[in-house]
Every structure is written in structure tokens, then in C-alpha cells.
Colleague: 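The structure is given below, and queries will be raised subsequently.
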Amino acid sequence: MGWTLMIHGGAGSMRRGQLAEADDAAGRAGLSAALEAGAAILRDGGSALDAVEAAVKVLEDDPAFNAGRGSVFTWDGRIECDAAIMDGRDRNAGAVAGVTATRHPVSLAREVMANSAHVLLSAAGADAFSKEHGLEQADQAWFAIPERRRQLDEMKARPEGAFDSGMKYG
Amino acid sequence: TVGAVAVDEAGHVAAATSTGGLTAKRWGRIGDSPLIGAGTYADDRAAAISCTGSGEHFIRLGLAHELCARLRLCGDELSIVEQDLIAELGRIGGKGGFIAVTPEGDARWAFNTPGMYRGRVSHDLEAQIAIF
């Protein structure tokens, strides 16, 4: 039996011909790094669960992608992250929504799965759970990048576009 | 939104998804990513799946669980199920895509957008990266 890892990463514009060379390169570099992080685990006989967490953590740290560092802004100018993880062996699962201060939200989701009686924690409660369980914290400045702020300003300048499908999906 | 699915040497699958959501979201809006069964699902009897796109549509379809359920209950190939579901997503106005892998190692992506940042690697396949 072999192993396989697949990943996806939302990074903004996806129109062929409109994607800047630098953005294209940044996206590809991020994907490559994430693949390698997960593949290294699987290659050594590690678990699928560890591999998906490792791959997603790399993408969360990469400002090219809309997750973790590089997340988009809410209407109120905050960054709120969501994440989930699920283990196919026993359908154990964990998830968090609206968390604001955990560097790797996917690891917080795994902590919910592994060390709580619950599946989904949200907002301030999930932030508190994160601190109590010793997850690495990060302030809002860590997550924020100028391009996402510009996108928020653009969105607020045309409030009829309350749903950003035009911006994200062309 | 970012995500990963994997099957390991023991034939176990897992899925993970993470997102900052939608630009300018309000009212405490939550999309499909943290909802088990909508944007993320894994079941060794079927597959693991992670989704990206217009989350409200993935929630309405229960897409991640739906894919796994059809594989498990109908015995269809992943290629058939993914095409059915991407068509269904489009019919209700949804945009985006997903990645899925089965315990047997079948791995596929599907999307109805101009592109999707994606990659895959396996024990017998070098890393592949694609956007469009």
C-alpha cells in the first residue's frame, strides 16, 4: 500500500493572464513547501492525520494564502480564522470557528479533537481553550498583511459586494 | 481557504481545512470549513475530502459527507461521484472545488472555477503543482 497527499490553497485572483508573475511564483512555492512537509511524514511511514496537519500549517504560515497569516479581514477589520481536522480511522473530529489568536488554527482544531469532549468550539471560548491548552499564540498583527487590508477597503467602497465571490472566483 | 487530504501506508485517510473566510464578512458568518460534513470529512470506509469555495453552497449540499456517503453506499468510482457533485454544486449556484482521496489511493480534485491552487504527491508520483 502506498501513500498520497493532496492540497489546495485559496490565494485570491485565479484568472489566467491576470495573475501577477510574483503571485504565481509565491503560490507555487507555498504549495511545494506544504506538499513536502506532509510528504516527509508519509514517506517515513507517518500517519495521514499528521501529514494533513503539517501541510496545512505551512499554508497557514504563508501570507500568499487565505488562512492563518494572510487571512482576509472581516467588515470590522479583524481577522477570524476557522479550521477543522478529521481522522478517518475513527471519524474523530475537531473544529474551531472565529478564532483570533492561535498561530495555527488547524492545530487548535486537532487539540479540540484530541483533548476535549467536543467537536466544534467558537470565538472567545475557543480562544480561551487555545490558551489553556498551551497552543502557540499570535496577535492580530501576525495575521494581517497589507494586500488583504486593501481588499477590505475595496470591498467597503462598494458595499453591494457583501459577498466576495467576484473578487475570489472571478 | 487551504486544505489537505491524505492516505497513509496503512490505508488510513485524514482531512484538514483552514480559512480566513470571506473578505468583509459580518454577523459572525461561518462558512463550511469548520463544519464537519460540509467542508471537511474523513472516513476510512470511503474517503477524505477538503473543500474550498462559496461555503454556503457546500453547507447546503453537505458536500464532504455526501461524497463519502455516495462512495460508501453506492459503490461508485470517485471520478463519477466528484463529477456528479461538482455539477450539483454548479446547479445551486455554488463555486469552488474540492480534493478527495480514498483509502485505496485514488486521489482527485474537481472545481468549477477558472483555477484552483492545488498540488499532489504520492509514493510513486513526483510532486505536481497547478493553478489553472
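What you see is a predicted model, and the numbers here were worked out from it, not measured in a lab. Heavy atoms only: backbone and side chains are in, while hydrogens, waters and symmetry mates are out.
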Colleague: Who in residues 106-131 of chain A is close to chain B, using a strict under-4.5 Å heavy-atom cut-off?
Modeller: A:V106, A:V119, A:L120
Colleague: Have a look at B:T23 and tell me which of A:E154, A:M155, A:R148 forms a side-chain contact (heavy atoms from CB on, under 4.5 Å) with it.
Modeller: A:M155
Colleague: Looking at B:F111, B:Y41, B:W109, B:F98, which one has more heavy-atom pairs under 4.5 Å with chain A than the rest?
Modeller: B:Y41
Colleague: Before you tell me yes or no, could you show the steps for A:T4 and B:L125 under side-chain contact (heavy atoms from CB on, under 4.5 Å), namely the whole-Å CA-CA distance, both residues' side-chain angles and the distance that decides it to 0.1 Å?
Modeller: CA-CA 9 Å; A:T4 297; B:L125 181 75; over 6 Å; no
Colleague: Can you tell me which portion of B:A107 sits under 4.5 Å from chain A's heavy atoms? Options are side chain, backbone, both or neither.
Modeller: both
Colleague: Rounded to the nearest 0.5 Å, what separation is found between the NZ atom of B:K25 and the CZ atom of A:R78?
Modeller: 10.0 Å
Colleague: Return the option, out of A:S71, A:P105, A:A67, A:G68, with the maximum number of heavy-atom pairs under 4.5 Å with chain B.
Modeller: A:A67
Colleague: Of the non-hydrogen atoms in A:F65 and B:V2, which two are nearest, and what is the gap between them?
Modeller: CB-CG1, 3.7 Å
Colleague: Considering only heavy atoms, which portion of B:A46 lies under 4.5 Å from any heavy atom of chain A: side chain, backbone, both, or neither?
Modeller: neither
Colleague: Among the clusters formed by ILVMFWY side chains lying less than 4.5 Å apart, do A:I7 and A:V58 turn up in the same one?
Modeller: no
Colleague: Are B:F58 and B:I86 co-members of a hydrophobic cluster defined by side-chain heavy atoms under 4.5 Å apart?
Modeller: yes
Colleague: Among A:L42, A:L49, A:L59, A:L35, single out the residue with the greatest number of heavy-atom pairs under 4.5 Å to chain B.
Modeller: A:L35
Colleague: If you compare all heavy atoms of B:G31 against all heavy atoms of A:D82, which two are closest, and at what distance to 0.1 Å?
Modeller: N-OD2, 4.3 Å
Colleague: Is the count of non-hydrogen atoms from other residues, nucleotides or ligands lying under 6.0 Å from A:Q137 atom CD greater than 12?
Modeller: yes
Colleague: Decide yes or no for B:T1 and A:H8: does some side-chain heavy atom of the first lie under 4.5 Å from some side-chain heavy atom of the second?
Modeller: yes
Colleague: Checking the side chain of B:D8 only, and the main-chain atoms of A:G45 only, is there a donor and an acceptor separated by less than 3.5 Å?
Modeller: no
Colleague: Rounded to the nearest 0.5 Å, what separates atom CG in A:D24 from atom CZ in B:F132?
Modeller: 6.5 Å
Colleague: Which one of B:I99, B:V101, B:V121 satisfies the side-chain contact (heavy atoms from CB on, under 4.5 Å) criterion with A:L5?
Modeller: B:V121
Colleague: Could you look at B:A47 and say if it's the side chain, the backbone, both or neither that has a heavy atom under 4.5 Å from chain A?
Modeller: neither
Colleague: Using every non-hydrogen atom in the two residues, find where A:L19 and B:Y117 come nearest and quote the distance to one decimal.
Modeller: CD1-OH, 3.3 Å
Colleague: Do you know which of B:I30, B:D43, B:D124, B:V13 has the most heavy-atom pairs under 4.5 Å to chain A?
Modeller: B:D43
Colleague: What part of B:R108 is in contact with chain A, defined as an atom under 4.5 angstrom from a non-hydrogen atom: side chain, backbone, both or neither?
Modeller: backbone
Colleague: Please check if B:L71 and B:V7 belong to a single hydrophobic cluster, counting links between Ile, Leu, Val, Met, Phe, Trp and Tyr side chain heavy atoms closer than 4.5 Å.
Modeller: no
Colleague: Relative to chain A, which segment of B:I129 carries a heavy atom at a distance below 4.5 Å: side chain, backbone, both, or neither?
Modeller: both
Colleague: Would you say B:L67 ends up clustered with B:I80 if hydrophobic residues are merged whenever their side chains have heavy atoms under 4.5 Å apart, either directly or through other cluster members?
Modeller: no
Colleague: In terms of heavy-atom pairs under 4.5 Å, which option from A:A34, A:S47, A:G27 contacts chain B the most?
Modeller: A:S47
Colleague: Suppose a student defines contact as a heavy atom less than 4.5 Å from any heavy atom of chain B. Which residues in residues 84-99 of chain A would they list?
Modeller: A:A84, A:I85, A:M86, A:D87, A:G88, A:R89, A:R91, A:A93, A:G94, A:A95, A:V96, A:A97, A:G98
Colleague: Which one of B:S33, B:G3, B:A4, B:A14 has the most heavy-atom pairs closer than 4.5 Å to chain A?
Modeller: B:G3
Colleague: Counting only heavy atoms closer than 4.5 Å, note whether B:C51 contacts chain A via side chain, backbone, both or neither.
Modeller: backbone
Colleague: Honestly curious: do B:L89 and B:L78 fall in one hydrophobic cluster under the side-chain, below-4.5 Å linking rule?
Modeller: yes
